Amino acid sequence: MPELPEVETYRRFIDELAVGQTIAALQVNDAHVLATPEDQLRAGLVGRAISGTSRLGKNCFLELDNGQVLVLHFGMTGDVGAYRDEPDAPRFTRVALHLEESGLRLAFIDPRKFGRIRLAESAAAHQKAKKIGPDALAITAAELHQKLARRKTLLKPLLLDQSITAGLGNWIVDEVLFQAKIHPERLGTTITEKEGNALHAAVQLVLTTAIKQEANYRHLPASFLIHAREWDTSATPTSDDAHTFCPRHPKVKIDKAYVGGRATYTCPKCQPAPASAK
DNA sequence: AGTATTGTTGAAGT
DNA sequence: GACTTCAACAATAC
């Protein structure tokens with residue numbers, strides 16, 4: 001789940017729940033998700049107030065009153081929640097922050113445990129340490145184009161590369177490429193300035209639309225490719241495969257292929273394959 | 001039972 | 001050094 005729109009939605013939730021609160025205790029149910037040793041994390045958190053939140057790509061920051069930040073990365077299946085009493089803890093709560101004033105517990109939920117929690121000196125320090133590029137909502141069209149154009153690699157893996165721009169994940173990259181009408185196997189070096197602008201506009205459109213819907217993909221417009229993804233089939237097991245057709249071409253079936261090792265959906269008509277693609 | 005999965009990292013190969 | 005491919009991580013769902 002957690003691509004940029006989910007993380008932004010989580011951040012807003014945390015912001016409402018936790019800003020102004022003091023951390024009374026750190027509860028660790030599974031140390032596997034800790035990227036900072038538990039003792040060190042506890043020493044850095046307990047007694048501190050949460051002064052604000054921010055986000056960079058798929059990273060969510062809880063700003064502490066001493067300038068340090070608690071960095072939350074949600075991996076593939078991370079989520080946040082809140083509860084008051086332990087029996088009500090969401091399933092797969094791996095870590096919980098006990099909040100002093102409200103008495104609530106902020107849960108870091110992650111079934112697959114690919115997510116990570118760490119303490120960092122600042123958001124900027126974390127960005128540098130992890131080589132994270134500009135946020136996908138903040139990067140300019142010129143910078144995006146310039147970064148893509150000097151790389152002789154398939155476009156899709158480039159857009160997934162968090163050091164180029166941060167926040168795009170597998171589903172959103174497909175959506176962006178569909179909206180921009182560009183094939184995922186184009187090489188970065190072949191992207192024209194005009195196409196760069198189209199990509200930038202598509203990134204903005206997809207992200208702002210998804211955030212507006214609080215990352216509930218089922219509520220995205222019918223013009224979005226995402227409805228062709230297979231998770232929609234399970235919701236309507238008896239239905240035909242109408243959803244596997246291009247939103248712009250009712251007769252054209254959406255292609256599924258693997259690009260850069262990741263499942264990739266495209267419209268063969270909207271997104272012509274480059275001559276080099278096999 | 002076998003397959004798939006939204007993210008990231010590192011190793012090994014070209 | 002640039003790039004590609006693959007495995008690993010862990011758990012669930014179909």
Side-chain angles (χ1 to χ4, degrees), chain A residues 1-10 29-35 55-60 71-80 90-95 108-118 126-127 129-133 135-136 147-178 184-190 206-207 210-211 213-218 220 224-239 241 244 256-265 276-278:
Chain A
M1 286 153 135
E3 300 191 27
L4 189 152
E6 285 93 342
V7 178
E8 175 61 18
T9 303
Y10 299 167
N29 298 341
D30 190 330
H32 194 274
V33 299
L34 301 184
R55 182 192 56 72
L56 173 68
K58 301 169 193 170
N59 299 272
C60 180
V71 186
L72 268 32
H73 191 288
F74 297 96
M76 287 231 270
T77 55
D79 199 353
V80 290
R91 197 177 172 208
F92 304 118
T93 295
R94 306 301 187 186
V95 172
F108 181 85
I109 306 161
D110 188 8
R112 278 173 77 177
K113 302 196 272 196
F114 288 175
R116 290 296 178 265
I117 297 178
R118 54 168 42 91
H126 179 69
Q127 175 166 21
K130 304 297 279 184
K131 299 183 169 48
I132 302 169
D135 189 81
K147 289 179 108 162
L148 296 174
R150 62 175 171 217
R151 297 286 301 276
K152 194 177 171 181
T153 305
L154 302 180
L155 187 53
K156 173 152 180 175
L158 285 178
L159 291 172
L160 287 171
D161 184 343
Q162 303 296 298
S163 71
I164 290 182
T165 185
L168 307 181
N170 199 34
W171 294 1
I172 287 181
V173 166
D174 282 2
E175 189 65 54
V176 164
L177 289 168
F178 173 75
E185 290 176 305
R186 291 279 302 280
L187 298 183
T189 48
T190 70
V206 173
L207 294 180
I211 290 171
Q213 297 300 333
E214 298 184 329
N216 188 335
Y217 294 127
R218 280 161 213 266
L220 293 176
F224 275 36
L225 178 73
I226 190 159
H227 304 295
R229 297 201 87 105
E230 282 151 353
W231 51 256
D232 228 359
T233 13
S234 56
T236 51
T238 57
S239 81
D241 51 3
T244 65
K256 180 181 179 180
Y258 284 84
V259 178
R262 308 298 300 276
T264 298
Y265 295 77
S276 56
K278 18 182 177 65

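Order of the sequence lines sets the chain letters (A, B, ...), proteins ahead of strands, with each chain counted from 1. These figures come from a predicted structure and were not determined experimentally.
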Donor-acceptor pair, side chain of K58(A) and main chain of L168(A), under 3.5 angstrom: yes
Between dT3(B) and dC6(C) - P atom distance, rounded Å: 16 Å
D110(A) CG to dT5(B) P, straight-line distance once rounded to whole Å: 18 Å
Sugar-phosphate only, base, or nothing, as touched by K131(A) at under 4.0 Å among non-hydrogen atoms: nothing
Any R91(A) side-chain N or O less than 4.0 Å from OP1/OP2 of dT12(C): yes
Side chain N216(A), main chain Q213(A), donor-acceptor under 3.5 Å: no
Contact under 4.0 Å: Q162(A) side-chain N or O vs dG7(B) OP1/OP2: no
Residue that, paired with Y265(A), satisfies side-chain contact (heavy atoms from CB on, under 4.5 Å) out of I226(A), N170(A), L225(A), L177(A): L225(A)
Whether Y10(A) side chain and P2(A) backbone form a donor-acceptor pair below 3.5 Å: no
Flag, side chain of S163(A) to backbone of D161(A), donor-acceptor distance under 3.5 Å: no
Short side-chain N/O contact to dT6(B) OP1/OP2 from K58(A), under 4.0 Å: no
Distance in angstrom units between D79(A) CG and dT5(B) C1', rounded: 16 Å
Phosphate contact (dT8(B) OP1 or OP2) by H73(A) side-chain N/O below 4.0 Å: yes
D110(A) backbone acceptor or donor facing R94(A) side chain under 3.5 Å: yes
Near-parallel close stack of F114(A) and dG7(B) base (under 5.5 Å, under 30°): yes
Paired and unpaired positions of DNA chain C as dot-bracket, Watson-Crick or G-U wobble under 3.5 Å, | denoting a partner strand: .||||||||.||||
Distance below 4.0 Å between Y258(A) side-chain N/O and dT5(B) OP1 or OP2: yes
Pair R55(A) + D135(A): basic N to acidic O under 4.0 Å: yes
Integer-rounded Å distance: dA4(B) P and N170(A) CG: 14 Å
Minimum-distance nucleotide (side-chain atoms of F92(A) versus dT12(C), dC9(C), dT6(B)): dT12(C)
Q162(A) (side chain) donor-acceptor with G167(A) (main chain) under 3.5 angstrom: yes
Sub-4.0 Å heavy-atom contacts from residues 149-160 of chain A onto DNA chain C, ordered by number: R151(A), K152(A), T153(A)
Spacing between L148(A) atom CG and dC3(C) atom P, to the nearest angstrom: 12 Å
Separation between the P atoms of dT8(B) and dG1(C), rounded to whole Å: 24 Å
Among dG7(B), dA4(B), dA11(C), the nucleotide that comes nearest once only the side chain of K256(A) is considered: dA4(B)
Check: E175(A) side chain, V206(A) main-chain N or O, donor-acceptor pair, under 3.5 Å: no
Sidechain-backbone polar pair: H73(A) side chain, R118(A) backbone, donor-acceptor under 3.5 Å: no
Check: D79(A) side chain, I109(A) main-chain N or O, donor-acceptor pair, under 3.5 Å: no
Between C1' of dT6(B) and CG of L168(A), the distance in whole Å: 13 Å
Phosphate contact (dT5(B) OP1 or OP2) by R262(A) side-chain N/O below 4.0 Å: no
d(CE, M76(A); P, dA8(C)) in whole Å: 15 Å
Whole angstrom value for the distance that separates P of dT8(B) from CD of E3(A): 9 Å
Sugar-phosphate only, base, or nothing, as touched by G169(A) at under 4.0 Å among non-hydrogen atoms: sugar-phosphate
Nucleotide dT9(B), atom P - distance to CD1 of I132(A) in whole Å: 8 Å
